[in-house]
Amino acid sequence: MTDEIKTDSKKCQKNRHVMIAYGFVQLGSSFVSALSLSLIALGFASVTKESKLFNNCVEDLREAGSRTSAAVRFCNGGK
């Protein structure tokens, strides 16, 4: 009976270490996922800011009397 208890406790210890390792892997992957999502959100923020600047440029040129196509070309860096 004591031999069975010893072998069972050894099996439980092995399983415990595996489960702890699995928990750390899950935690690490969740951290990487959160970091990636935050970097994607920051990328969208810069695109939004650039889009607003572009739209303001086109609107200013349109108010100055330029055609829409000429204003877009100028704001894109054309002549």
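As the structure is a computational prediction, the values presented were derived from the model and not from experiment.
Counting only distance, with no hydrogens or angles, the side chain of Thr48 and the backbone of Phe44 share a donor-acceptor pair below 3.5 Å. Here the side chain of Arg73 pairs no donor or acceptor atom with the backbone of Gly77 at under 3.5 angstrom.
Within a 6.0 Å radius of CD in Glu50, no more than 12 heavy atoms belonging to other residues, nucleotides or ligands are found.
Taken to the nearest 0.5 Å, the CZ atom of Phe31 stands 9.5 Å off from the OG atom of Ser36. Rounding to the nearest 0.5 Å gives a distance of 12.0 Å between CG of Asp60 and CZ of Arg62. The CG atom of Asn15 sits 11.0 Å away from the CD1 atom of Ile20 when rounded to the nearest 0.5 Å.
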- Message: For a side chain to side chain contact (heavy atoms under 4.5 Å, CB included) check, start with the C-alpha distance between Val58 and Phe74, then their side-chain angles and the critical distance, and finish with the verdict.
- Response: CA-CA 8 Å; Val58 172; Phe74 178 80; over 6 Å; no
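Taking every heavy atom of both residues into account, Ala70 and Ser66 meet most closely at CB-OG, 3.5 Å.
Using a 4.5 Å heavy-atom threshold, the side chains of Ser51 and Asn55 count as touching.
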